[in-house]
Number of protein chains: 2
Amino acid sequence: MPGEVHVMRRMASRPASLAAATHCPPCEVRPQALFGALADATLSHVRLDIASVPLAADESLYLRGETGPAAYTVRSGLVRLERVTEAGHRRIVRLAGRGELIGQEALLERPFADEAVACMPTVLCRLPRSAIERVAQADPALPRALMLRWQAALEQAESWIADISTGPSRRRMLKLLERLLPHADDQGRVWLPRRQEIGDMLDITLETASRLVSQLSREGVLASVDGRRATVDVARLAQVLVAADR
Amino acid sequence: MPGEVHVMRRMASRPASLAAATHCPPCEVRPQALFGALADATLSHVRLDIASVPLAADESLYLRGETGPAAYTVRSGLVRLERVTEAGHRRIVRLAGRGELIGQEALLERPFADEAVACMPTVLCRLPRSAIERVAQADPALPRALMLRWQAALEQAESWIADISTGPSRRRMLKLLERLLPHADDQGRVWLPRRQEIGDMLDITLETASRLVSQLSREGVLASVDGRRATVDVARLAQVLVAADR
DNA sequence: CGAGCCGTTGAGGGGATTCAAGCTCAGTGG
DNA sequence: CCACTGAGCTTGAATCCCCTCAACGGCTCG
């Protein structure tokens with residue numbers, strides 16, 4: 001089994017250093033975020049103590065098993081949700097990017113199911129349970145918005161099984177690239193995980209991950225691989241994907 | 001990649017043949033089911049058109065991509081949630097047993113994310129969206145109950161990744177047995193899937209699944225394997241699990 | 001500049017797949 | 001009645017993909 005967890009990781013000194021509490025309306029991700037569907041009027045007359053939480057790369061937001069008083073929306077960056085097996089192997093079970101909600105179990109007063117770690121410098125909005133409840137009282141549309149988030153998370157987890165965890169390693173890698181595409185930066189460059197992280201997502205060893213990245217670079221699917229950034233030839237990706245999937 | 005889908009499966013002529021509509025209170029699974037937490041008083045004065053849906057083994061309840069007007073609670077039996085890859089390989093992503101809620105996406109008017117198929121003769125309660133909405137109006141505790149279901153499904157999907165889809169095939173098989181244990185019948189016998197189904201759950205071939213079952217029988221982890229029923233030596237299972245997990 | 005992390009590549013071994021044969025059992029029809 | 005069939009399961013042999021172990025280079029940082 002691949003993926004010994006051997007990285008000693010800096011932890012967020014919880015409560016993480018918060019930027020000044022802000023109101024929601026000026027937020028750049030509001031349209032996609034939890035409160036995006038709600039009327040401005042609702043939000044403006046509800047007192048919200050929503051804080052901005054910055055996270056360094058590889059910094060942990062919360063641990064599996066902890067209970068916390070807040071859920072989070074990813075404002076920028078990328079978060080991985082992972083757990084560790086009894087044998088000490090890490091497995092990444094989901095990724096959450098801009099606009100996605102994580103740690104929703106806190107709203108039910110249940111312990112976090114996974115550890116949440118920033119893949120890169122990341123900023124989140126902290127949504128305390130109390131704030132959510134207050135908004136829910138003011139606007140009955142919130143429960144539905146929350147359920148839609150839950151369903152989205154469920155669908156992502158299930159497709160992680162069918163895409164990322166199924167078939168030969170090459171297919172899994174290609175499916176992972178497909179999934180990283182939407183999180184590309186403004187120059188269209190996707191974030192390439194460390195080889196070890198790729199391994200923890202695909203359940204392969206870091207050596208196999210490295211060989212796959214090299215091979216895909218040679219084939220031109222990946223271009224200008226510099227460190228953790230790369231451009232993906234989307235057409236070629238689709239092409240080799242159907243070939244690998246047969 | 002394992003698991004060609006080659007079984008021509010009988011489909012439920014939808015709408016499936018329904019037993020007479022019943023009220024919830026006398027239901028044997030109500031305590032664990034969606035309406036279990038709600039007051040009897042609430043349920044008795046809300047008109048519910050909840051129907052009992054029987055399903056034969058390998059009969060499909062709904063297909064991926066379909067939209068439907070109802071979610072379902074498993075009253076007895078076992079349901080598998082599966083999808084098929086572009087290459088035509090099946091992958092089972094979740095199991096739902098007695099008391100569990102499936103097809104919740106219908107409550108949001110979203111298409112079903114997976115196909116739901118009965119593993120054995122199964123009975124479900126059909127919960128139309130309209131009924132859920134009426135109950136929600138009468139009892140404000142329902143949204144929370146629903147969210148708890150969503151969270152449970154999400155946690156099951158994520159642990160399916162970490163348990164069933166991670167590590168060597170032997171470990172996956174043992175984890176699968178662990179997960180079948182709670183669904184054992186009244187004589188403590190677990191349902192053993194077909195070898196092909198095991199393959200579709202663990203992403204291995206049916207031959208490998210067969211070898212694993214044979215090996216575990218020889219080792220005494222599985223006993224009295226007759227057809228699709230077997231007893232599991234729980235102590236020995238735990239024992240070989242820690243051994244395999246190292 | 002040495003230490004540690006990250007990535008790459010090679011060689012060898014092992015676990016899972018592939019291909020194949022043969023078995024049991026239920027259903028079917030001559 | 002019994003061959004005939006097809007589905008499901010098992011087992012063997014050969015192949016291949018991925019893991020393991022190992023060595024090495026680039027890079028950052030103390």
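Quick note on labels: first sequence line is chain A, next is B, and so on, each numbered from 1. Note that the structure is a prediction, hence the values are computed from the model and not measured.
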Enquirer: Can you figure out which of D:dG8, D:dT10, C:dT17 approaches the side chain of B:Ile204 most closely?
Expert: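 Of all the options, the side chain of B:Ile204 is nearest to C:dT17.
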Enquirer: If you compare every side-chain N and O of B:Ser169 against the phosphate oxygens of C:dA16 (OP1, OP2), does one of them come in below 4.0 Å?
Expert: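 Answer is yes, contact under 4.0 Å.
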Enquirer: Nearest to the side chain of B:Arg194, heavy atoms from C-beta on, is which of D:dC19, D:dG8, C:dT8?
Expert: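 So the side chain of B:Arg194 is nearest to D:dG8.
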Enquirer: Starting at atom CE of B:Met173, determine the distance to atom C1' of C:dA16, rounded to an integer number of angstrom.
Expert: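 Atom-to-atom, B:Met173 to C:dA16, this comes out as 16 Å.
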Enquirer: Applying a 4.0 Å non-hydrogen cut-off, can you work out what B:Arg172 is touching in the nucleic acid: base, sugar-phosphate, or nothing?
Expert: nothing
Enquirer: Rounded to whole angstroms, how far apart are CG on B:Asp203 and C1' on D:dC18?
Expert: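 The answer, rounded to whole Å, is 14 Å.
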Enquirer: Is there a donor-acceptor pair closer than 3.5 Å between any side-chain N or O of B:Ser165 and the backbone N or O of A:Ser165?
Expert: no
Enquirer: Rounded to whole Å, please give me the gap between CZ in A:Arg228 and P in C:dC6.
Expert: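 After rounding, the gap between these two atoms is 7 Å.
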Enquirer: Any idea which of D:dC19, D:dT10, C:dT8 is nearest the A:Ser214 side chain?
Expert: C:dT8
Enquirer: What integer distance in Å separates B:Leu212:CG from D:dC9:P?
Expert: 14 Å
Enquirer: CG of A:Asp226 versus P of C:dC6: gap in Å, rounded?
Expert: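 That distance rounds to 17 Å.
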Enquirer: Quick check for you: among C:dG7, D:dC21, D:dG12, whose closest atom lies nearest to any side-chain atom of A:Glu207?
Expert: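 Per side-chain heavy atoms of A:Glu207, the pick is D:dC21.
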Enquirer: Going by modelled atom types, is there a donor-acceptor pair between the base of C:dT18 and the side chain of B:Arg211 at under 3.5 Å?
Expert: yes
Enquirer: Does A:Thr205 make a side-chain N or O approach to OP1 or OP2 of D:dC19 shorter than 4.0 Å?
Expert: yes
Enquirer: So, A:Ser217 and A:Ser214: side-chain donor and acceptor under 3.5 Å apart, yes or no?
Expert: no
Enquirer: Base, sugar-phosphate, or nothing for B:Thr208, non-hydrogen atoms under 4.0 angstrom?
Expert: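 Base, at least one base atom sits under 4.0 Å.
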Enquirer: Can you check the A:Arg195 CZ to C:dT9 C1' distance for me, whole Å?
Expert: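 Roughly 13 Å, once rounded to whole Å.
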Enquirer: Round to a whole Å and report the spacing from CG of B:Asp58 to P of D:dG8.
Expert: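 Distance check: B:Asp58 CG to D:dG8 P gives 8 Å.
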Enquirer: Quiz question: going by heavy-atom distance under 3.5 Å, is there a donor-acceptor pair between the base of C:dG15 and the side chain of B:Arg170?
Expert: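 No such pair is found, so the answer is no.
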Enquirer: Would you say B:Ser60 and B:Glu115 are linked by a side-chain donor-acceptor pair, where the criterion is simply a distance under 3.5 Å?
Expert: yes
Enquirer: Please report the distance, rounded to the nearest Å, between CZ in B:Arg229 and C1' in D:dC9.
Expert: 18 Å
Enquirer: Given the rule in the side chain to side chain donor-acceptor pair (under 3.5 Å) test, do B:Ser159 and B:Arg179 qualify, once you have shown the distances and angles that lead to the verdict?
Expert: CA-CA 10 Å; B:Ser159 66; B:Arg179 190 170 295 235; 3.2 Å; yes
Enquirer: Can a side-chain donor-acceptor contact be found between B:Ser224 and B:Thr231 if the only test is distance below 3.5 angstrom?
Expert: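 The answer is yes; a qualifying pair exists.
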